[in-house]
Structures are given as structure tokens and as C-alpha cells.
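Here is the structure we will look at, set down as C-alpha cells.
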Amino acid sequence: MNNEKDKGMSLIVKTVTRLTAGPIFLYGIYILSHGHVSPGGGFVGGVIIALAFIQLMLAYGKESAFKKLPRAAASFIENLGALMFLALAGLGFTGGYFLLNFIGKGEPFRLFSAGIMPLYNIAIGVKVGAGLFAIFIALILLRINREDDR
Amino acid sequence: MLDLYILLIFIIVAAAIAVETKDLLSSVIALGATGLGLSLTFLVLKAPDVAITQLIVEILSLIILIRATMKEDLPFSTSGRWLVNTVITVCFIFVFIFTAVKCFKELPQFGYPTIKTSSAYLKEGLKDTGATNLVSAVILDFRAYDTLGEAAVLFTAVIGVLTILRRKGRKNEETGLDNE
């Protein structure tokens, strides 16, 4: 237990992280899902979600963050997001052509409106969040390895 | 209009500090100030989507840069042919300023674009797509091919970074040793 406490940053940073990481994650999901109604969208929401995980990793050390989201899972989710976008685009062929907005438009200003756009936003957000987290992991692990070599 | 000019001057000063300062961490922080000024500029110009994106990406890149430059000290060389360098720099500055003054006269007035495509989007966007955020309507419906391409670019970038920065090199097939 004592050994585990040594990893990561100080107690203040850890406490603040424990309180803020959840709200940041939730805010990312909000920005992601309301991209077609208010400013925001898939890219921004994905980056905010990635920032929540990055904050966890900086405060608690890499083992704790990997317990929440392993590296292989990040790569897999990234590929899943890309394939989801492509599959949604391909589903447009049911109505005639590629990337067709084939679901009903719905009422403006509602969460379930604008047809296929929320689904596109979710796919892009998942993809961007996992991808940026994977890039961050790669950079951090490179640094740790290089410090070990010295 | 005045707040825009104040923000632009702030950005230029922060960028000059970021280039000129010797300490690497100070330089990274000045770069972050540049990004903050840029996102505020987007907000003043009534583009909240771009402002949010700029702010968030700026935070992310700031974290990565601080993490990457914390213990590094890169060599900074100023010696050498300073006279030739200075003369070339001054020449380029004058050429760029001259060209910019010539070109900016030809530009349309601020806020009155010459291309009228956007007005069609503004009129028909809500009716055609049902999305109240017009930026989303453009990037996910009218111009969804661009978004698909952008997703492919990010995918390629992630693959490239993970390939270059992987922990162990592929084993050399002939000798069987690690090819570090």
C-alpha cells in the first residue's frame, strides 16, 4: 500500500483528480452528445474524454490509468470508432448513396434530432479520444524507457 | 473591433516571447498563452465551435509538450554567420510586408466574403439536416467526405506514432537479436 502511494504526484493532486476526473469525463460526453444542438461535437468531446484519462495517468501513475483503460483496449477502441464511422457511412447505401442522412430529421433543438449526426459524433468522439490517449501513452512510455536507460 | 486588435497584439507578443526566450519550459508556457489568445479571438469572432476546439487541443498539446521538455535541454546555437543571416532575414521581412500590403488591398471588406456558398448553407441548413448547430451540419452532412478523410488522417497518425514509438523493435530475422 505504501509502495503504491509513492507513485504519481502528491496527495493534493490526487484528491483534486479524484474529484474532477469524473465531471470532466461527463462533460466530454455532454459535449459529444449535444454536438448537433450546441457548439461542440465529436472531436472536442473526444479530446475532453482523453484529457480525463490523461489527468488520471499524470496524477496516479501509469499502472492506475492502465487498470481503467489498457493500452491494447485504447488501440482497439480507436479502430472500432473508425470502423463505426465507415459502417454508418456505408449504411447510407440503404437509402441510395454513401454518407446519406437516412434517419428522420426529427424536431430541431431536441437531443434525438438531425438524423444520423449524433451517431457520427459518437463514432468520431470514441475514435479521437482513444487515439489521442494512445498517442499520449506512446510518448510517456518512450520517456520512461529512456530514463531507465540512463 | 478594438478587443480584436488587443488580442492580436497579445498573440504576437506571446509568440515573440515563445521564440526568443532561452528557457524551454517558459517557451512552452508562452506558446500556451498564444493558443489562449487565439481561442479568445475565435470567441470574439463568434465561432464558439472553433474556440472550444482550439482551447482543448491547446491544453492537450501543452501537457504533452511540458511532459516532453521537462528534463531536456536542447542545444541552441546562435554563433556562425550572423551578418548573412540578419541581412537575409531583413530582406525577407521587407518582401513579405511589401507583398502583404499589396495583397490586403485586394481583399474584400472584413465580414463580407466574396464566395456566396455559405449563405446557401445558412438558409437551407436547418431545413435540410435538422441540426441547429450549423457547423455540425456542414462537417457531418454537407461535407461528410472531408470528415471521413480527417478520421483516416488521424487513424494513420496514431498508427504511425505507435509504430515508431513501440517499446521493442522487431527481432532481426537473420541474427535473432533485438534490433534496437
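All chains are named by letter (A, B, ...) in the order of the sequence lines, taking the proteins before the strands, and each is independently numbered beginning at 1.
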Does [X] share a hydrophobic cluster with [Y], counting links as ILVMFWY side-chain heavy atoms below 4.5 Å and allowing steps through other members?
{"X": "A/Y30", "Y": "A/I49", "value": "yes"}
{"X": "A/L119", "Y": "A/V128", "value": "yes"}
{"X": "B/V28", "Y": "B/I12", "value": "no"}
{"X": "B/I11", "Y": "B/I6", "value": "no"}

Part of A/I54 lying under 4.5 Å from any heavy atom of chain B: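 Side chain of A/I54 only, per the 4.5 Å heavy-atom cut-off to chain B.
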Please output the residues of [range] in contact with chain A, using a heavy-atom cutoff of under 4.5 Å, in numerical order.
{"range": "residues 31-49 of chain B", "result": "B/P48, B/D49"}
{"range": "residues 86-102 of chain B", "result": "none"}
{"range": "residues 146-160 of chain B", "result": "B/T147, B/L148, B/E150, B/A151, B/L154, B/F155, B/V158"}

Choice from A/A89, A/S38, A/P118, A/A123 maximising heavy atom contacts with chain B below 4.5 Å: A/S38
Option in A/I48, A/I31, A/I124 with maximal non-hydrogen atom pairs under 4.5 Å from chain B: A/I48
B/L107 CG: over 12 foreign heavy atoms closer than 6.0 Å: yes
Ring pair (Phe, Tyr, Trp, His ring centres under 6.0 Å) partners of A/F133, counting only residues at least two apart: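 Ring pair (Phe, Tyr, Trp, His ring centres under 6.0 Å) list for A/F133, sorted by chain: A/F53.
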Over all atoms of both residues, closest heavy-atom pair of B/S136 and A/M117: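 Looking at all heavy atoms of both residues, the closest pair is O-SD, 3.8 Å.
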Distance-minimising heavy-atom pair for B/L162 and A/S75: CD1-OG, 3.7 Å
Value rounded to 0.5 Å, distance of CD1 in B/I56 from CG in A/L132: 11.5 Å
side-chain contact (heavy atoms from CB on, under 4.5 Å) evaluation trace for B/L60 with A/F136: CA-CA 9 Å; B/L60 184 77; A/F136 186 75; 5.6 Å; no
